[in-house]
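Following: one structure in structure tokens, then a few remarks.
Sequence positions, counted from 1, serve as the residue numbers for this chain. Note that the structure is a prediction, hence the values are computed from the model and not measured.
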Amino acid sequence: MNPIEMTPETSVEKFSGLDGTIVDQTDQQLDSPEEECEDTRDDDGFELRHGSPFSYHAEESLGEACSSVPSGASIRSIIPSKAHPPPRMGEWLQIFSGWSHPERLMAINELIGLCEATQVRHMMQIIEPQFQRDFISLLPKELALYVLSFLDPRDLLRAAQTCKYWRILADDNLLWREKCKEAGIGYFSAMSNRVHRRSRNSTNAHTPTASNSDVPNTRWKAAFMKQHYVEMNWKRKDTRDHKVLKGHDDHVITCLQFSVNRIVSGSDDNTLKVWSATTGKCLRTLLGHTGGVWSSQMSGTTIVSGSTDRTLRVWNAETGHCLHTLYGHTSTVRCMHLHGKKVVSGSRDATLRMWDVEIGECLHVLVGHMAAVRCVQYNGHLVVSGAYDYMVRIWDPEREECLHQLSGHTNRVYSLQFDGIHVVSGSLDTSIRVWDVETGACKHTLMGHQSLTSGMELRDNLLVSGNADSTVKIWDISTGQCLLTLSGPNKHLSAVTCLQLINKFVITSSDDGTVKLWDIRTGEFVRNLVSLSSGGSGGVVWRIRASETKLVCAVGSRNGTEETKLLVLDFDTDVVKSEPSVKLEIVKTEIQLDYGI
């Protein structure tokens, strides 16, 4: 008789045990492993043989036995453990260990097939850790750093959470130096060289290795994180708490310079004022010009100003003393560019002059334009000028020779950019032209604006232009294509007066009384940094100047609706002085970066 087959007498109180014996449900339990292991044959006489513990018949008997167990029946009252293993488990393991590799694989496959999902998951939890290897910790440090150098900063911060050794590697100073280099932060930012003077002679390595020991005093991860916090402040910090610097009465601020913590404003009231960007106090007023100041430049403690009185003056910013008065022009000095100890000035008398600001002498006179010179650029070697005669000229100032006359504009030239390779000119004819410095050829004519291009800024091949048509455009000067137009529902409502590039942002000001922040990569509007209450009824932002952490705005009006003043907005990461909401945002952002949320 089949051991699993039940008779009417045993159907209630007896059922087949897993080893083929008949077990009384009420009076007998399989508590003794010794009792269970007395016979190695089942009631059918099938012997558990070497090499096939799960033969077809054995599986069938096992399946039938399990299906025959009445609900609520208890086969074992003791929970399996090392002290109390399941019956015959030791014998089974001994048999398993004696099999060949193919036999073991077959047995495992059969066993997995008999398991439930929870049991398979248990196997995975036991097996998977056996195949996990910390390959980063096994590599030499140089190779480990090389592998980590391919991660972006967010993933590096995640990796630092893995273990102590990964934290040491992920915090490696040279690794973060490369991340700062990729992002143009710190020493690698043109605006931040002053912060890293001790690292000016560092080598440029593409792969961080332990042998590179340059810039030992620079904490590159801290520099990277600080830059991130500063960017968050530009995007979200409350700008209502700003410094207000009042001066120049109700006159127009015609020119503005900002370097480190010193601000210099020039006005048509014939004066310049030197301000502290930290305290907001007027440090000194520079008196001497007898006409309105319409142009200025600053480098270190040297200030140079140009006026309608036809002179230039050289000032010491620390003392306020006028060091030199430069005579020679016969009309208003409308533009200038200071490079080193030399300054080139352009005048409405149609000439340009080069001066030595240390000795106060005129070195060269450049003659050739037929109308007022409106803009000038000087890189220490060549001079580029744009004028109301529709022409752009490239000069060798040492030989007082015009190398190229760039003709093509059909109206006055108002703005220039010059990087040593390209000249970019903006005109009242609505076009922007890109010229080759070596040949003087026009490479591209950028069309799209509808009015005067009043301001431009060039970074590598990326050109940002602001126009009187209220739009700002971003161009690729290598192809001549317009990449983005900063417009939409949040665009300026009047002429763009000034613009500046700061890291990942474009800052623009307008006659509509606003200063706007844009994302340079996407062209998306970020927010209004300044919005005058008199905007739209006369309030104007004339000029803006910015550093990585501060923004200076010269505001006023033409009809008396807005008082002439300077606004200073600080976006530095001094948490003590930050708004509570900004502190929270900084902490939240750090957590997001750390965990990749």
Side-chain angles (χ1 to χ4, degrees), residues 148-149 151-161 167-200 202 204 208 214-239 241-243 258-262 277-278 459 500-507 517 519-521 526-527 529 545-552 568-597:
L148 293 179
S149 70
L151 299 180
D152 61 27
R154 182 186 298 274
D155 291 332
L156 270 181
L157 292 170
R158 287 177 179 173
Q161 308 296 322
R167 177 62 179 260
I168 294 171
L169 291 175
D171 284 350
D172 183 81
N173 199 40
L174 295 176
L175 189 62
W176 282 97
R177 175 186 181 275
E178 292 304 305
K179 299 307 169 186
C180 288
K181 181 179 178 181
E182 293 169 6
I185 293 173
Y187 170 79
F188 304 103
S189 170
M191 296 189 64
S192 295
N193 285 341
R194 65 181 184 276
V195 179
H196 302 284
R197 290 188 181 93
R198 286 178 289 186
S199 59
R200 288 185 183 277
S202 64
N204 293 328
D214 59 330
V215 206
N217 295 322
T218 303
R219 296 177 60 226
W220 292 107
K221 182 180 179 181
F224 190 97
M225 296 306 295
K226 178 177 180 180
Q227 180 64 36
H228 174 76
Y229 296 152
V230 169
E231 289 177 5
M232 292 300 298
N233 282 347
W234 277 97
K235 290 181 178 180
R236 294 175 184 169
K237 184 179 179 181
D238 188 353
T239 59
D241 182 20
H242 54 253
K243 293 182 177 66
F258 175 38
S259 178
V260 190
N261 281 316
R262 185 180 291 117
T278 304
R459 179 194 292 174
Q500 191 165 345
L501 296 181
I502 295 294
N503 297 321
K504 300 175 182 178
F505 304 118
V506 180
I507 309 170
L517 186 70
D519 188 312
I520 193 172
R521 296 168 298 181
V526 178
R527 64 163 173 163
L529 297 173
R545 289 290 183 271
S547 67
E548 291 184 341
T549 59
K550 287 184 174 64
L551 171 65
V552 182
V568 182
L569 286 68
D570 192 348
F571 301 99
D572 207 349
T573 58
D574 186 349
V575 178
V576 175
K577 296 180 180 179
S578 294
E579 294 292 327
S581 59
V582 176
K583 295 181 193 176
L584 180 61
E585 189 59 45
I586 287 175
V587 173
K588 179 181 177 183
T589 303
E590 186 171 22
I591 293 173
Q592 289 175 334
L593 279 171
D594 283 348
Y595 296 96
I597 299 173

*Check the pair K221 / N173 against side-chain contact (heavy atoms from CB on, under 4.5 Å), numbers first and verdict last.*
CA-CA 7 Å; K221 182 180 179 181; N173 199 40; 5.9 Å; no
*Trace of the side-chain contact (heavy atoms from CB on, under 4.5 Å) decision for K226 with D572*: CA-CA 9 Å; K226 178 177 180 180; D572 207 349; 3.5 Å; yes
*asked:* L529 vs F571, test: side-chain contact (heavy atoms from CB on, under 4.5 Å). Steps then yes/no.
replied: CA-CA 11 Å; L529 297 173; F571 301 99; 4.0 Å; yes
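Although no hydrogens or angles enter the test, the distance criterion places no donor-acceptor pair under 3.5 Å between the side chain of Q500 and the main chain of I507. Put simply, the side chain of N261 never gets that close to the backbone of A277: no donor and acceptor are under 3.5 Å apart. Counting only distance, with no hydrogens or angles, the side chain of R158 and the backbone of P153 share no donor-acceptor pair below 3.5 Å.
Atom CG of N233 is separated from atom NE2 of H228 by 10.0 Å, given to the nearest 0.5 angstrom. Rounded to the nearest 0.5 angstrom, D171 CG and R219 CZ are separated by 9.5 Å. We find the CZ-OG1 distance between R262 and T278 to be 10.5 Å, quoted to the nearest 0.5 Å. Remark: M232 CE to T573 OG1 distance equals 13.0 Å, nearest 0.5 Å. From Y229, atom OH reaches atom NZ of K237 across 15.5 Å, with rounding to the nearest 0.5 Å. Separation of atoms CG (L169) and OG (S149) is listed at 12.0 Å; rounding is to 0.5 Å.
Contact detail for D172 and L174: the closest heavy-atom pair is OD2-N, 3.1 Å. Closest approach of L156 to K179, counting heavy atoms only: CD1-CE, 3.9 Å. F224 approaches A183 most closely through the heavy-atom pair CE1-CB, 4.2 Å. In this structure, I520 and R459 approach most closely via the heavy-atom pair CD1-NH1, 4.5 Å.
Between F505 and W234, the ring planes lie tilted relative to each other; the angle falls in the 30° to 60° range.
Between R527 and T239 the shortest side-chain heavy-atom distance falls below 4.5 Å. Between F258 and K550 there is a side-chain heavy-atom pair separated by less than 4.5 Å. Between L551 and H242, the closest side-chain pair of non-hydrogen atoms is not below 4.5 Å.
The pair K504-D519 fails the salt-bridge criterion, with no side-chain N (NZ, NE, NH1 or NH2) lying under 4.0 Å from an Asp/Glu carboxylate O.
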